Structures are given as structure tokens and as C-alpha cells.
Amino acid sequence: MNGTGEDLKKVFIKTYGCQMNVYDSERMRDALAPAGYVAADTPESADLILINTCHIREKAAEKVYSELGRLRQLKERAALQGREVKIGVAGCVAQAEGEEIVRRAGAVDIVVGPQSYHRLPELIAASRPGHPAVETEFAVAEKFAVLDRIAAERNSNPSPEGGRWLREAETEGVARTDPTHRPSAGPPSPFRGGMSSPRVAAFLTVQEGCDKFCTFCVVPYTRGSEVSRAVASIVAEATRLAGEGVREVTLLGQNVNAWHGVGPDGRAWGLGQLLFRLAEIPGLDRLRYTTSHPRDMDDALIAAHRDLDALMPYLHLPVQSGSDRILAAMNRRHTRSHYLHLVDKIRAARPDIALAGDFIVGFPGETEADFADTLSIVDEAGTMGAFTFKYSPRPGTPAATAADQIAEEVKNERLYRLQAKIDARQAAFMGSRVGTKAEVLFERRGREPGQIVGRSPWLMPVHVDAPATLLGSIGRVVITGAGTNSLFATIAPTAADVLPAGLGPALEIAH
Ligand code: SAM
Ligand code: SF4
């Protein structure tokens, strides 16, 4: 199939979980494009429905099985109309459950783990009614190699259809199912709820998997051990993105600052050196990375925060707990004082940095005194926003079988107190922006007429009264108001220049 005319088939991808999954869904589309698949608007109109699952969520597997029950009915209705619909399960639940999915959910045709998305076309072709295709091998390096090849092929043979499709990331379910376990939205997230068109901000996976084995976490089991993507491959993808008009790239990894490689100079590089190299790419004005681990925050990375204007002053650096006793039980490999010392160094390098994190309350054995340490580290570190989680046992992880599990009411109460503190700090940070100027990357039209939405350096969205002609540019705005999760602004007029009549004041815009 060549992907033209009547050969076109439709795929609907429902994405759950983190930005790694959002990125992976884009890669699945990349892998399916050569096999003639284009995006479907709804599951009902699709020939292939993929659910990209997240295992961090509570009762994740059970929720996937009930979703599959609904999709089975959809598949049966389509069959009555003479249409074949295939159903695939991807992501961490696919990796963890494997054949069990096929056993429990008969309607499933494909089960594919995060390392094997490049094999989707052949898995689809191999699956037959009653004979699903299951692929959950770990082969991360191969996955990166194939992604490079797909990107290269697309570069040499760009099609208008493919280009349009790639820009319209289908991300249904992400915001709703973001694994925050908290009712409010959490800190700003690099995830864009629906990509801008044309796309000006993009994700780029540089690292997969994790070797840290925190005792609460499934990632080392579902995503496998840590693998870094080669420098040349990352630079090639970033250059291609810049060529397509992307101005902001967020580097992704489960443990992104564990990334390591060999630079063109033959030396060992860490994420800091990589960021310096990426900042040289013409057109890439803004860089971010997520999610990082305190243990991997080395001096070169801190120097990048000091020296690189392109590296935005926002850092998601999860601490999980403020208690050394709990941090040890979590196998976090850092202490409270190590974290606070690190934050001091980062602030010395980049005083305007906005610090966000992840916290878990109610980890087995957590006492009221331990929790008080968590509350106090929020203030001492100056945390601006956080995803807060109630500890939830994950089968197969060491903490799940610990004897001293915490009662649900206690977890709820601690979560409430922690959220209240973080919400207050977030509100104070947002309020402190009002009246200041900031550079904003304008990404998409706003809901209100005459409004566009961009990203501040600190990641939260900024709603600006400005014409859509500014989309894709970076402009200086004056912050006029603050909501819970977003800011409001007007374009900053320059004192000196005035545009020709009818066009309003000159804008401080960097095109
Ligand atoms: N690698 C990152 C780090 O170490 O900070 C975090 C990645 S993890 C996918 C995202 C967050 O989910 C964690 O930071 C943690 O707060 C939360 N999380 C993971 N497992 C959890 C569990 N069993 N219960 C509650 N929260 C959990
Ligand atoms: Fe999970 Fe992050 Fe710990 Fe790795 S470092 S085990 S991804 S929480």
C-alpha cells in the first residue's frame, strides 16, 4: 500500500498518561503513515483503534480492560455493517500484561510494547481474527534506529497529507487522564492539548527506560533499562523540526537527565553538553527537558541553565518526599539536603527558574513527622507547582508488599494539605508575574475572538489579545492578569516605533 487514494485507512489513537506517551502516539502515526493510515476523527470512523496506555495510573490495567469491553461492542457493530475494525493495545500496560490482554479481551488484534511501535505495520498485517499479534520485546536501540529511518524517509519524500497529519496530534484522553491523582491541574505541563497548527513546539525523545528502581515505580519493569539515543540522531531530528518551523523543543525521557552519549568531539556528553549543541541549531529558540532525577543533575547541566538563553527557566525536578527516612525507603538515592543543595546551585545559576516537582504522600511507613518534612521542603525549595500523588501499590514493585501501608483516609487528608500548600505557592508565583514583561511563543488561536495563546518561559499558557498573524513568533508581552493555571497579557508596545497607521503600535516581536 502506498498511502494514496482509496488505499487510505484510518487510525484513531487514544492516548493516556505522560508526555512520553503523547510523543509515542506521534511516532506510531509516523510508523503507520507508510502503510497508508491517516488520522480518524472518532473511533467510530476508524479501521484501526489503538489505545496507548499508562501504567502509572491507579488500577490502570482494569481501566484498560473496561475500555476494551466498550471497543469490543464498537467492533461488533462495525462487523454487522461489513467493516473490519482492528484494535491494538500499546504502551506500558501492553508491556506489563502482554498475552494476558489477549486472553482476557478477545477483541484485541495487536498488543505492542513501547519499544516496538516501528513494527506496527507488520503486526497489523500479521494479525488475523482469532490470531492476535503480540510484541513486547525490549529493543530500544532498534526502535531509535527505525525512528531515524522513518524521519529520513519523510524528509526525502514529504507529502502534503503526511505533513498535515503529523501536525494534528490526536491526544484525546491525555488531559483528562493525566496521572496527577489530583483534581486541580498541577504545574504547567509541556503537553499541549492539541498541537498548534502549524506546529511551533514539539517533543523529542532522547532517552528511554530507567535503571533507578525506586521502590514504588513500575517504569523500570515496563520501559526496561535506560537507553540513550545517539547525538547525531537527536541533532538530525531537532534540525528537521526546526526546518519545519518548530521553535521550541522539549527533550523527553523517563529519566531525561540520565541521557549520555559521545559527542562529535569524541568526549562523553551528558544532557548539558547536548543542550549546548541543540542551541546552535538555527531557528530553535527554546529548549526544555523533562523529567529529570536529582541524582543526574550534574554541573554541566546546571551550567547550561546559567549560560544558555534558549534553555527556558523552568525545571521539573521531582523530590517525592522531604523525609530522609522515606527517601531511603523509596530508594531515591538522594537526601533532603542533597536536593536542597542542588536547588541552591540551580538558583545561583538561573535565579528566575521556576521549580516544579512530583510528590508522593502516604508511602508505606510515612509518619506525620515524615509528612511534615514533605510540607516544609516545598517551602524551603521554593516549589512553584507540583503533581501530587497518593501512594498506590503497583504489583511487582517492592513497596507494594510493605507491611506498613497507610490508610486511605490518612493519604487523602495529607494529599489535601499538600495540595493546599502547593496551590497557594502556585497562586503566589502567578500573581508575582502580573505587571512584568515576558517573552511568549505564540502557538495557537485562543477561544475568544482576537486572542492567541502562547507559552511563557515558565511553561504556563499566556492568553494574549493579539492578531493570529503573530502565531509562530516570539513576542514580548506585559502580563496583565493571572488565573489558576494561565496568565493573561497584552503585547508590549515599544516606546520608539509606531507601525503604519491602522496596524497599531509596534510590537516587540522576534520573528
Ligand atoms: N523519573 C521521574 C522521577 O524519578 O522523578 C518520574 C517519572 S514517574 C513516571 C512520574 C511520577 O509518578 C513519579 O514522579 C511519582 O511521583 C509518580 N508515581 C510513580 N509511581 C507511583 C506510585 N506507585 N504511586 C503514586 N505515585 C507514583
Ligand atoms: Fe520511576 Fe523515576 Fe524512579 Fe525511574 S527514577 S524508577 S522512572 S520514579
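Here the structure is a predicted model, which means the values were calculated and not measured. Because only heavy atoms are used, hydrogens play no part in the values below, and waters and symmetry mates are left out as well, while side chains stay in. All residue numbers refer to positions in the sequence shown, counting from 1. We count ligands from 1, going down the list as the structure has it; atoms in each ligand are counted the same way.
- Set against the non-hydrogen atoms of Cys214, the atoms of ligand 2 under 4.0 Å away are 3 (Fe), 5 (S), 6 (S), 8 (S).
- The His293 neighbourhood of ligand 2 comprises atoms 5 (S), with distances under 4.0 Å to a heavy atom of that residue.
- With hydrogens and angles disregarded, no donor-acceptor distance shorter than 3.5 Å links the side chain of Thr397 to the backbone of Pro393.
- When the shell of 6.0 Å around CZ of Arg295 is examined, it contains 12 or fewer heavy atoms from other residues, nucleotides or ligands.
- Of all the listed residues (Arg332, Met330, Lys411, Lys212), Arg332 holds the heavy atom that lies closest to atom 4 (O) of ligand 1.
- Within ligand 2, counting atoms from 1 as listed, the ones closer than 4.0 Å to a heavy atom of Arg332 are 3 (Fe), 8 (S).
- Between Gln320 and ligand 1, at least one pair of N/O atoms sits closer than 3.5 Å.
- Side-chain contact, Asn485 with Gln426: a donor N or O sits under 3.5 Å from an acceptor N or O.
- Between the side chain of Lys345 and the backbone N or O of Ile302 there is no donor-acceptor pair closer than 3.5 Å.
- For Asn255, the closest heavy-atom approach to ligand 1 does not fall below 4.0 Å.
- Using a non-hydrogen distance threshold of 4.0 Å, Lys390 registers as a contact of ligand 1.
- For the residue pair Thr367 and Asp370, a side-chain donor N or O sits within less than 3.5 Å of a side-chain acceptor on the partner.
- Residue Phe216 touches ligand 1 through backbone and side chain together, judged by heavy-atom distances below 4.0 Å.
- By the 30° and 60° cut-offs, the orientation of the rings of His334 relative to His293 is perpendicular.
- Using cut-offs of 30° and 60° for the angle between ring planes, the Trp458 and Phe429 rings count as perpendicular.
- Between Met384 and Tyr314, some side-chain heavy-atom pair lies under the 4.5 Å cut-off.
- Residue Arg229 forms a side chain to side chain donor-acceptor pair (under 3.5 Å) with just one option from Glu208, Glu237, Gln207, and that option is Glu237.
- Ile110 pairs in a side-chain contact (heavy atoms from CB on, under 4.5 Å) with only one of the listed residues (Val134, Leu48, Val89), which is Leu48.
- In terms of polar-atom proximity, defined here as any N/O pair under 3.5 Å, His293 makes no such contact with ligand 1.
- Below 4.0 Å from some heavy atom of Lys212 lie the following atoms of ligand 2, by number and element: 4 (Fe), 5 (S).
- With 2.8 Å as the limit, Cys217 counts as an N, O or S neighbour of atom 1 (Fe) of ligand 2.
- Close contacts of ligand 1 with Gln254, meaning ligand atoms under 4.0 Å from a residue heavy atom, involve 1 (N), 2 (C).
- Within the 4.0 Å heavy-atom criterion, the part of Cys210 lying near ligand 2 is the side chain and not the backbone.
- Put simply, no part of Arg223 is less than 4.0 Å from ligand 2, judged by heavy atoms.
- If you number the atoms of ligand 2 from 1 as listed, the ones under 4.0 Å from a heavy atom of Pro220 come out as 6 (S).
- In terms of N/O distances under 3.5 Å, ligand 1 is not approached by Thr291.
- Residue-ligand proximity, Phe213 to ligand 2, at heavy-atom distances under 4.0 Å covers atoms 6 (S).
- Only side-chain heavy atoms of Asn255 come within less than 4.0 Å of ligand 2; its backbone N, CA, C and O stay farther off.
- Side-chain contact check for Gln419 and Thr388: at least one donor-acceptor pair (N or O, by modelled atom type) lies under 3.5 Å.
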Note to self: Would Gln273 and Asp265 count as a side chain to side chain contact (heavy atoms under 4.5 Å, CB included) here? Give the steps.
What the structure shows: CA-CA 11 Å; Gln273 287 89 349; Asp265 54 5; over 6 Å; no
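- Within ligand 1, counting atoms from 1 as listed, the ones closer than 4.0 Å to a heavy atom of Pro318 are 5 (O).
- Considering backbone and side-chain atoms alike, Ile360 places every N or O at 3.5 Å or more from each N or O of ligand 1.
- Listed by number with element, the atoms of ligand 2 under 4.0 angstrom from any heavy atom of Phe216 are 8 (S).
- For the 3.5 Å distance criterion, the side chains of Lys390 and Asn412 qualify, holding a donor opposite an acceptor.
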